[in-house]
Protein chains: 2
Amino acid sequence: MTSPEAGTRGISGQTLATGRTGAKRAGAAGGTLGTAARLRVAIPSVADRVATELRLQLAEGLLLPGARLTESTISEELGVSRNTVREAFAELAAERLVVRHPNRGVFVASLGPGDIHDVYTVRRFIEVSAIRGGGSPERVAAVRAAVEEGRAAAAVDDEEALGSANQHFHGAIVALAESRRLNTIMAQVLAEMRLFFHKATVDAHFYRSYLDDNEEICKALEAGELDRAGELLLAYLDRSEEKQSTVHGD
Amino acid sequence: MTSPEAGTRGISGQTLATGRTGAKRAGAAGGTLGTAARLRVAIPSVADRVATELRLQLAEGLLLPGARLTESTISEELGVSRNTVREAFAELAAERLVVRHPNRGVFVASLGPGDIHDVYTVRRFIEVSAIRGGGSPERVAAVRAAVEEGRAAAAVDDEEALGSANQHFHGAIVALAESRRLNTIMAQVLAEMRLFFHKATVDAHFYRSYLDDNEEICKALEAGELDRAGELLLAYLDRSEEKQSTVHGD
DNA sequence: ATCGAAGGATTGTTGAACAATCCGTAGATT
DNA sequence: AATCTACGGATTGTTCAACAATCCTTCGAT
């Protein structure tokens with residue numbers, strides 16, 4: 001409470017606080033905006049930004065599964081009130097990224113063996129259905145782009161980028177369906193997966209192997225051989241699940 | 001605003017407040033619970049209970065799409081603080097049941113034509129995949145039970161129960177997959193659908209017609225003709241979407 | 001070594017406060 | 001009349017301070 005900038009975990013250093021607090025700033029209501037159309041892009045609330053910040057830290061592996069998130073700590077580090085942090089927690093909990101243990105605190109979600117299988121079940125359902133439905137040329141091109149992105153990452157031996165590219169690939173497959181809800185669901189599932197990716201990185205060997213898988217799946221998609229693409233994808237998911245299960249879980 | 005029990009919307013009348021407020025109750029820390037195993041079922045927080053209450057009112061059609069949810073009103077009606085209501089809102093917003101308009105308030109979500117299509121897209125992906133994967137005899141029995149539930153409702157001309165039974169039927173289909181996440185996703189999607197069911201009830205004629213559809217789908221499932229069950233289900237979903245689109249939508 | 005009480009830390013929840021923003025309305029302008 | 005605009009009330013967004021309940025750790029007693 002003495003010096004605000006003393007963050008112990010790796011926060012940007014800057015505070016997230018707005019200028020709307022309880023007793024600062026002399027009022028100076030200025031320009032009217034005229035009768036223009038309603039603002040289309042609203043600035044997100046502080047709670048949303050806290051949630052986003054945490055989501056980022058989760059994705060980056062700065063916050064590992066099982067880690068405890070103390071309200072007061074985050075509140076101080078980000079320069080926001082505890083209540084606001086709580087609102088952000090409610091968001092993240094709804095996304096399964098954190099877990100609430102009543103009266104004990106919130107913790108970064110950690111996936112057990114059952115969860116890994118569950119996540120892959122969701123992916124099998126959604127991704128395979130999506131690819132079998134095909135998509136517009138633009139969407140297919142996006143899948144192709146993700147394949148190339150992976151290649152490029154492999155060329156410079158960037159593990160991190162390789163993982164991202166793979167996620168983009170699978171995200172692009174779901175995006176074929178042009179469904180806002182499915183995209184959201186997939187984004188959440190991928191976020192969950194990133195969580196345990198950071199616990200133990202799968203060996204580079206395996207990462208390379210699915211570059212070829214992706215290429216083949218993409219080729220089938222481009223050729224309009226949707227059923228075959230679906231089967232290839234399904235086989236990949238099964239293999240991937242097995243790999244992840246043996247690396248993590250018991 | 002004068003008398004607390006004067007709820008204008010149909011709340012239960014009872015308050016949701018706990019006994020943990022700011023300045024009541026003389027401390028009397030009593031019995032120790034021994035070194036028993038950690039409590040397995042924790043009582044949900046007030047925020048969760050507010051969210052549940054609102055979810056219920058949403059499902060019952062007490063709160064129609066587009067309706068505004070004022071923080072202070074709900075806060076008073078339920079006897080909880082505004083901050084707690086806000087936490088509940090964060091939960092519901094993450095579930096898409098309400099929408100936040102920054103600085104304007106939260107409103108009951110209302111699905112436009114695009115949303116209806118989107119919801120059905122999700123259902124087609126998940127339900128069809130689920131039924132094509134089959135399930136344990138118990139799970140199949142649950143599907144059968146939902147069919148009979150619908151029949152019973154039709155026998156006594158209970159529209160409301162008929163709708164519920166149909167939702168149970170489709171929920172049971174997804175449950176075949178034994179996936180916690182898919183069940184949650186499906187539950188959320190069904191909750192979204194309940195939202196606009198209350199806007200305009202589809203004619204009873206149509207409701208009856210899908211009793212037979214369900215029966216046929218269930219029979220195919222029981223017979224292990226999974227592909228056929230999938231096709232029947234898909235056809236049903238397409239028809240249902242078209243029906244809903246013409247009734248609602250533009 | 002085990003048990004249980006004492007203490008400190010943290011969560012859960014409240015109430016009050018206030019800036020910013022929105023919205024309806026009434027008065028001023030063209 | 002049709003606006004534009006300034007004013008004011010209502011509501012949201014956010015903070016702060018307070019405190020009961022609960023959890024966790026430590027420490028002393030049996």
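Just so it is clear, the structure is predicted and the values come from calculations on it, not from any experiment. Below, read A as the first sequence line, B as the second, and so on, with proteins coming before strands; counting in each chain starts at 1.
We find that CD1 of B:I74 is positioned 13 Å from P of D:dT11, with the value rounded to whole Å. Atom-to-atom, CD of B:E87 to P of D:dT15 comes out at 14 Å; the value is rounded to the nearest Å. Distance CG (B:N103) to C1' (D:dT12): 6 Å, rounded to an integer number of Å. When the P atom of D:dT14 is taken as reference, atom CG of B:N83 falls 11 Å away, rounded to whole Å. Taking atom NE2 on B:H101 and atom P on D:dA10, their separation rounds to 23 Å, with Å as the unit. Rounded to whole angstrom, the span from the CD atom of A:E71 across to the P atom of C:dT13 amounts to 11 Å. Distance CD1 (B:I43) to P (D:dT22): 8 Å, rounded to an integer number of Å. When rounded to the nearest whole Å, the span between CZ of A:R100 and P of D:dC23 equals 15 Å.
Remark on DNA chain D: of its neighbouring residues A:P102 and A:D48, the 5'-side contact belongs to A:D48, judged by nearest-heavy-atom nucleotide. Nearest-nucleotide positions on DNA chain C for B:R82 and B:V85 put B:V85 closer to the 5' end.
With D:dT14, D:dT15, C:dT11 as the choices, the nucleotide that has an atom nearest any side-chain atom of A:V80 turns out to be D:dT15. Distance from the side chain of A:T84 is smallest for D:dT15 among the nucleotides C:dT11, D:dT15, C:dG15.
The closest side-chain donor-acceptor pair between B:Q188 and B:E192, if any, does not fall under 3.5 angstrom.
Side-chain atoms of A:T70 never come within 3.5 Å of backbone atoms of A:T73 as a donor-acceptor pair (strictly under, hydrogens ignored).
The minimum heavy-atom distance between B:S110 and B:D115, with the atom names listed, is O-OD2, 4.3 Å.
Checked for salt-bridge contact, B:R194 and B:E60 miss the test: no charged N lies under 4.0 Å from a carboxylate O.
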